[in-house]
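Each remark here refers to the structure printed beneath this line.
Indexing begins at 1, ligand by ligand and atom by atom, following the structure's order. In this chain, numbering begins with 1 at the start of the sequence shown. The structure presented is a predicted model; accordingly, all values stated were derived computationally and were not measured.
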Amino acid sequence: MTSLPTPSLWTESLDYLGEVARHLKLPDGIHEKLRHCRRSLVVSIPTRMDDGSVKVFQGYRVQHNTDRGPTKGGLRYHPNVSLNQMKAMAMLMSWKCALMNLPFGGAKGGVVCDPNVLSPGEIERMTRRYTSEISLIIGPEKDIPAPDLNTTPQIMGWMMDTYSMNAGYSVPGVVTGKPIEIGGTAGRREAPARGVVHCVQLALENLGLPVPGATVAIQGYGYVGRHAHEEFENRGLKVIAVSDTSGAIHSEKGLPYKALARHKAEQRHVKGFTPAQAMTGEELLTLKADILVLAAEENQIDAAVAARMNCKVLAEAASAPTHRNADPVLRQKKIFVIPDILCSAGGVTVSYFEWVQDIQSFFWSENQIHENLRNALSRAFQTVIAREECRTADMRFAAHALAVQKVAEAIRIRGIYP
Ligand code: GLU
């Protein structure tokens with residue numbers, strides 16, 4: 001799954017913000033402030049490799065806006081990481097947090113690397129040095145990283161340990177998505193997938209379509225895609241196709257979660273799973289299914305792909321998986337889009353719960369977490385659906401209008417310093 005060639009995600013994000021700002025009639029000064037990220041830190045990360053050599057990786061941490069609170073957002077390890085991508089994703093996190101009513105602004109971090117060719121020891125040393133380099137600007141009341149593409153609870157554990165060793169005491173609230181043993185929360189691991197499935201259920205109910213038996217195709221079978229498969233199956237939906245970098249597989253009878261998860265764990269890809277048929281990743285995107293879940297990377301669908309799509313609900317579980325030029329086509333085809341800033345908000349919402357628990361050193365039950373997540377998503381979903389823009393434009397535009405308005409209001413109240 002490679003991304004389609006497009007102008008930079010950052011340029012597109014600025015253009016989209018411009019449209020939303022014009023629609024909201026935002027004062028120029030506030031719009032201008034939102035167009036800029038507050039801080040962008042570029043670091044080099046010298047890392048001792050297993051063979052004794054030293055390799056220097058490039059890393060970033062970008063904080064978009066702090067008017068509503070400290071910044072929050074994931075850390076990704078991927079060869080495509082760039083400063084502009086981090087800026088676009090930090091801005092998206094500002095909208096996501098505002099939409100979900102979390103007291104955070106948006107941030108994003110990344111290291112340019114291919115974690116598949118690094119050993120666990122190399123990843124640990126790179127992570128610790130990266131954490132040390134960005135420790136100036138992170139902290140429980142400043143900026144709180146979390147897992148994202150190719151980063152794990154163990155990686156968050158190394159970040160927490162590195163930061164704490166330098167502070168001289170344990171600081172669990174500096175990252176979220178940590179293992180439970182060191183201050184992580186119940187329910188964080190499944191939260192992104194649960195959020196997606198809950199949003200899909202709300203969308204089906206909104207469209208008056210039955211939930212049990214609804215068919216699902218999932219692009220991407222990593223951490224989010226796999227957990228979403230399990231959760232869909234638990235709720236009686238039928239996952240008929242999934243894909244990863246090896247290709248796609250399809251079975252109209254439905255793919256059984258347990259057997260496929262075992263196959264993926266053993267083979268490291270979905271290809272070859274029997275008795276499913278093979279298909280291409282592109283065929284999966286245009287397959288006839290009630291729901292298409294995008295759980296891979298950014299820019300997977302453009303206007304040309306959208307024109308051939310055959311689903312009723314498009315669930316954006318990844319960040320920015322749909323190019324803006326696809327939106328008019330999706331609208332015209334009456335495909336119900338659950339935009340990324342809502343559909344992928346499960347993770348950061350439970351991260352917020354984790355941060356609150358760490359600060360109070362008082363931990364909640366798994367049921368409380370699930371229920372609070374469900375309520376937060378339902379509230380956000382209904383607020384977006386009720387907005388005027390949903391009638392005249394689409395759910396993406398309505399969600400952005402709501403979120404940008406909240407951040408703009410915080411800027412207006414606080415004023416510009418000095
Ligand atoms: N990486 C996830 C996201 O982009 C989670 C971020 C977080 O928990 O802070 O939404």
Step-by-step salt bridge (Lys or Arg N to Asp or Glu O under 4.0 Å) determination, E354 to K178: CA-CA 9 Å; E354 180 172 336; K178 309 173 282 297; 2.7 Å; yes
Enumerate donor-acceptor pairs with a distance under 3.5 Å from any side-chain N or O in residues 16-25 to protein atoms, sequence neighbours excluded.
residue	atom	partner	partner atom	Å
Y16	OH	F397	N	3.4
H23	NE2	E389	OE2	2.7

Donor-acceptor contacts under 3.5 Å from residues 101-113 side chains, at least two apart:
residue	atom	partner	partner atom	Å
N101	OD1	K406	NZ	3.2
K108	NZ	D148	OD1	2.9

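Taking a 6.0 Å sphere around CE of M49, one finds it holds more than 12 heavy atoms contributed by other residues, nucleotides or ligands. Within a 6.0 Å radius of CZ in R268, no more than 12 heavy atoms belonging to other residues, nucleotides or ligands are found.
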What does the N/O contact table under 3.5 Å look like for ligand 1?
residue	atom	partner	partner atom	Å
ligand 1	1 (N)	P147	O	2.9
ligand 1	1 (N)	D148	OD1	2.7
ligand 1	4 (O)	K96	NZ	3.4
ligand 1	4 (O)	K108	NZ	3.1
ligand 1	4 (O)	D148	OD1	3.3
ligand 1	8 (O)	R188	NH2	3.1
ligand 1	8 (O)	S351	OG	2.5
ligand 1	9 (O)	K72	NZ	2.8
ligand 1	10 (O)	K96	NZ	2.6

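Applying the ring pair (Phe, Tyr, Trp, His ring centres under 6.0 Å) criterion to W364, with sequence neighbours excluded, gives F353.
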